[in-house]
Structure formats: structure tokens, C-alpha cells
Amino acid sequence: MAQIEYCRGCKSSSLVDILDLGKTPLANSLLQQEDLDSPEFLAPLNLVFCADCSLVQITETVSPEKLFRHYAYFSSFSDTVLENASQIAMRLTDERKLTSESLVMEIASNDGYLLKNYLEQGVPVLGIEPAVNIAEVANESGIETISEFFGTRLAVELLQNGKLADVIHANNVLAHVPDLKGVVDGMRVVLKPDGIASIEVPYVRDLIDNLEFDTIYHEHLCYFSVSSLKRLFESNSLVLVDVERLPIHGGSLRVFVARRGQPSRRVLELLEEEHKDGVDSVEYYRAFSDRVMELKDALLSMLRSLKDSGKKLAAYGASAKGSTLLNFCGIGGDILDYVVDRSTVKIGLFTPGTRLPILDPEELLLKKPDYVLLLSWNHAEEIIAQQRQFLEQGGKFIVPVPAPGIIDKTVLSGGAANGISAVSHSKLTKLRSR
């Protein structure tokens, strides 16, 4: 573990404090039964803003070997993630006219959840995934995957072996790497002259505006704006040619980067919006800490009031964001009885720090808690669709951000084909007010 003194993007020393979440465990370091009597690794979780390039980042760097060599997150357990991956793969196959002579690479390819869509269309793929356990799953399913960390060194090796990409995907990985320059430079090295890189990152505007402090954890080193991304790519001889805003993960950016070209109208408009709103200045972030503390107090007050009144409480989602929220707010076994999660690799383990048992979601119908704290609120629509019966039987979900509130069975009326009204993050406030 090391504390940075200079910006990860531009190496400036002009770092301004935004939020201190204290010392927390690593968000995806789930515990075995035999671990419960041993102390856990804790690291400071402090958020800062670079006054020179506007990159928001945390100050501590935990070794990638410790974070990612054995990983508990499998993308294929999320229907939302799978649908997002399928759509962009089909779209780029068509737009880029990809064939059996093309090559699609993905950095941090996980279990092949995205690349399989290209393979099904006859387009060759190559995954790069540092987590050995997940890379094995991908290779077993027919997705050629290298178990390495991506950077300039690996990119040069791929180039020397004749591996150049028509399309590079990097979904929710750029925020995870301590060597930003190395990863972006590696993309430049392996990208064909007319190739395109599709990169998805959480959008810092959504984090700040919607109070998504729980998306801050040690794996997420950086939190990007269009302004900071443009500067990062330009410093590595790449061009940010287009950008889209996505609702996934509580609000994300999908940027398209090339070795040549001009920024699109959408890039220019978002840059102008950010400058007008002050996203590129520290004043935009100054009130964030106070707002987070107010949310913490309100959530704890709600949960303790329900517990004191005899209600049974559980949580849904043994997620990284859930770990940050539970540990920062001090929500443990005195309030929650257990956490449920759809991922079979998590069931039977325990949450880091709070040490809550992780059970199968079917237990909600058997144990019948009165309220379930929705830690994976970014997948609210998907979870509510899966847990229709729980809601119909009178169960309720508590959504913690951007302000604590309750979703009950009234959300089930909406006229959609499956009887579920859309529950995007932007609509949660209205739903909670019912």
C-alpha cells in the first residue's frame, strides 16, 4: 500500500481533499468461516481533486496483486451488465464492419461476458484478465484470455506477435489502474490506425450530484469527468472522438477513443456543460463531505428505528459499493441479519468488515425479512423484477442513496410486459416517495 503525493493523471501536486471515509477493508475481500477470528487488512479511503487536470482520485494505492489476482466479481451474474455488453458488441460489429479477419480485445475481460457476443458473430477475440480464477473460467468457455495486467509492456508483446485490435473494450477498468499512462499508452500501441477503443467509466458528476459515495472503494482509484479524460488521452497521443452517457452503475460515460480524428459535437457539449457547472473546479466538490455525513445520519436513524420497533432487516447485494456503505456507516450484525446475493461464488462467505453471512436470494421468501437494504441499488430494476414475489408478500426495499427511502409493492404496477415499471436510478426518488 502506498499513498500518492502527485496526481495519477498529470503528476501535479495540487491535490485538494474532498472526502474522508476512514479506514475500511478491501471491498471484495469476502471472508471464509475460518477468517472470522482474524483481523482484516484495512486501508484509508480518502478522496481528492486535482486542481490542474480535474481528476478525482483516492490517495491510497493498494497493490493490484492483492486486489485482483483472485477476484469474487463475475460479470455474468448481472443481467443488466450482460444486456449492456450485448448491445455495444452488436452495434460495433455492424458499425465497424467486423469480420473473421478482425480482432476485438478487451482489457479486464472478466469471464468473457462481452467478448462472447463477438465470437458468436465469427469475430476473433482476445481477453486480458489479471484474475487467474476468472481467466480460467473464460478460457474454459472458449474465450481466449491472457491472465496478465495490461500496460505498455504487454501491449508491445502483443504488437510483436502481430496482435493489433480493430476494437478495444475497457469497461470499468480505467478507474482501477494505478498506472493510467501505461494502460492508455498500451491502448495506443495495440490499436490499429483506424481502430477504436470503447471505454466505460463511472461519471464523477453522477457520483457527486446523486451522492453516490458508496461507489468509492480501494479498487476505484479514479473518478472521471469528460474534462479529465480528454486531458488524459491527449497526453498519450489519443483523441476523444465521441462520448455517451449511460444509466448503468448509477451513471457512466462511454467514450470512444482513436489515434486520429476530431471531438464530436457531444464531446464539445459535455465539456461546455462541465465547465459551466464547475466540474473542473474544486468548488463543485466542497459540499460533498457534509452531504455524505447527513445521509449517513439519516440512514442510520431509519434503520435503528425499524430495528427498535421489532422489524427484521436484511440486505441485498454483497457488492463492493455495499461494503463501503456498511463499513462507513457502521451497519453490521446489530442491525442486519444477513446479506443475500445472486452470485454463487459469494454465497456461504461473509462480508468484509461487517462479517455478515451471505445467503441465496431465495432465503428472502423463506426468512421473510420486513425490510431489505438494497446495497446494489444500481441494479434496482433487475433485482425488483427478480424479487417480485417478495414484494407481493409485503416485503420492502430500502434504497440508501441519494436519500434513504422505501420501495414497496406499489412499484409493481406499471404496465410493462413483466409488470415492472422501469426503476432507473433517476426514478428512485419518485418511487421512494410513495
Side-chain angles (χ1 to χ4, degrees), residues 68-151 154-155 157-174 176 183 186-201 242 244 246 248-249 252 254-259 342-345 379 382:
F68 299 118
R69 275 308 190 184
H70 187 88
Y71 204 45
Y73 178 76
F74 284 74
S75 298
S76 290
F77 283 110
S78 170
D79 295 338
T80 304
V81 170
L82 292 177
E83 179 62 23
N84 182 65
S86 175
Q87 289 178 0
I88 188 61
M90 296 303 97
R91 171 182 156 188
L92 289 183
T93 298
D94 180 55
E95 290 180 356
R96 310 298 296 183
K97 296 180 172 53
L98 301 179
T99 69
S100 60
E101 301 300 315
S102 308
L103 178 64
V104 176
M105 291 185 192
E106 185 179 11
I107 303 167
S109 52
N110 204 265
D111 56 7
Y113 74 103
L114 187 153
L115 293 179
K116 70 176 183 180
N117 295 285
Y118 288 103
L119 206 58
E120 289 169 357
Q121 301 300 312
V123 180
V125 301
L126 177 64
I128 301 158
E129 171 53 55
V132 176
N133 61 315
I134 298 180
E136 288 177 356
V137 171
N139 279 306
E140 289 170 2
S141 66
I143 308 295
E144 182 184 356
T145 303
I146 300 171
S147 185
E148 293 287 349
F149 289 100
F150 182 80
L154 179 58
E157 289 181 13
L158 293 171
L159 173 65
Q160 292 172 344
N161 290 326
K163 300 285 189 180
L164 285 176
D166 296 88
V167 173
I168 296 174
H169 283 281
N171 288 356
N172 297 296
V173 61
L174 205 57
H176 292 234
V183 170
M187 291 182 190
R188 180 191 59 78
V189 170
V190 296
L191 196 62
K192 288 183 179 179
D194 59 348
I196 196 85
S198 173
I199 302 166
E200 294 183 20
V201 295
D242 203 5
E244 300 167 356
L246 306 175
I248 194 168
H249 300 308
S252 297
R254 176 188 286 150
V255 298
F256 296 95
V257 178
R259 296 177 67 172
R342 192 181 177 193
S343 173
T344 54
V345 300
H379 297 305
E382 176 182 332

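Keep in mind that this is a model prediction, so the values were computed, not measured.
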- Heavy-atom check, side chain of V189 versus side chain of L191, under 4.5 Å: no
- Item | Flag side-chain contact, heavy atom, 4.5 Å: L98 against V104 | yes
- Item | Residue pair I196 / A258: nearest heavy atoms and the distance that separates them | CD1-CB, 4.2 Å
- Task: Write down the atom of E129, the atom of N110, and the distance for their closest heavy-atom approach.
- Result: OE1-N, 2.8 Å
- Closest non-hydrogen atoms of L115 and S109, given as atom of the first, atom of the second and distance, are CD1-CB, 4.1 Å
- Query: Any chance the side chains of N84 and E200 put a donor and an acceptor closer than 3.5 Å?
  - Reply: yes
- Task: Identify the heavy atoms of I88 and F256 that sit nearest to each other, and give their distance.
- Result: CD1-CZ, 4.2 Å
- Query: Any side-chain heavy atom of I199 sitting closer than 4.5 Å to one from R254?
  - Reply: no
- Message: Has D111 got a side-chain atom pairing as donor or acceptor with Y113's backbone, closer than 3.5 angstrom?
- Response: yes
- Task: Would you confirm whether the ring centroid of F149 sits within less than 6.0 angstrom of the ring centroid of H176?
- Result: no
- Task: Measure the spacing between CD1 of I128 and NZ of K163 and express it to the nearest 0.5 Å.
- Result: 10.5 Å
- Message: Which residues pass the salt bridge (charged side-chain N to carboxylate O under 4.0 Å, His left out) test with K192, not counting sequence neighbours?
- Response: D166
- Item | Evaluation steps, side-chain contact (heavy atoms from CB on, under 4.5 Å), between N171 and L114 | CA-CA 10 Å; N171 288 356; L114 187 153; 3.4 Å; yes
- Is it true that a side-chain atom of S252 and a backbone atom of L246 form a donor plus acceptor pair closer than 3.5 Å? no
- Message: Can you tell me how far apart CE (M187) and CZ (R259) are? Round to the nearest 0.5 Å.
- Response: 13.5 Å
- Minimal heavy-atom distance between S147 and A135, with the atoms involved, is CB-CB, 3.9 Å
- Task: Report yes if some heavy atom in the side chain of L103 is under 4.5 Å from a heavy atom in the side chain of V125; otherwise report no.
- Result: no
- Task: Side-chain contact test, heavy atoms from C-beta onward, threshold under 4.5 Å: evaluate it for L126 versus L158 and give yes or no.
- Result: yes
- Distance col, row T145:OG1 vs E140:CD, nearest 0.5 angstrom, shows 10.5 Å
- For V201 and N172, run side-chain contact (heavy atoms from CB on, under 4.5 Å): C-alpha distance rounded to whole Å, both residues' side-chain angles, the deciding distance at 0.1 Å, then the answer. CA-CA 5 Å; V201 295; N172 297 296; 5.7 Å; no
- Message: Using modelled atom types and a 3.5 Å cut-off, is there a donor and acceptor pairing between side-chain atoms of S86 and backbone atoms of L82?
- Response: no
- Task: State whether the side chain of S102 and the backbone N or O of T99 hold a donor-acceptor pair below 3.5 Å, judged by distance alone.
- Result: yes
- Kindly determine whether R96 and V167 satisfy side-chain contact (heavy atoms from CB on, under 4.5 Å), including the steps that lead there. CA-CA 8 Å; R96 310 298 296 183; V167 173; 4.1 Å; yes
- Atom pair CG/CD1 of N139 and I146 - distance to nearest 0.5 Å: 9.5 Å
- Does some side-chain heavy atom of E382 sit less than 4.5 Å from a side-chain heavy atom of R342? yes
- Where do L119 and I143 come nearest, in terms of heavy atoms and distance? CD2-CD1, 3.7 Å
- Tell me, do M90 and N117 make a side-chain contact under 4.5 Å, heavy atoms counted? yes
- Task: Return yes when atom CD of E101 has more than 12 non-hydrogen atoms of other residues, nucleotides or ligands closer than 6.0 Å, and no otherwise.
- Result: no
- Min side-chain heavy-atom separation F150-V173 under 4.5 Å: no
- Message: Test your reading of the model: is there a side-chain donor-acceptor pair from Q121 to the backbone of V123, 3.5 Å cut-off?
- Response: no
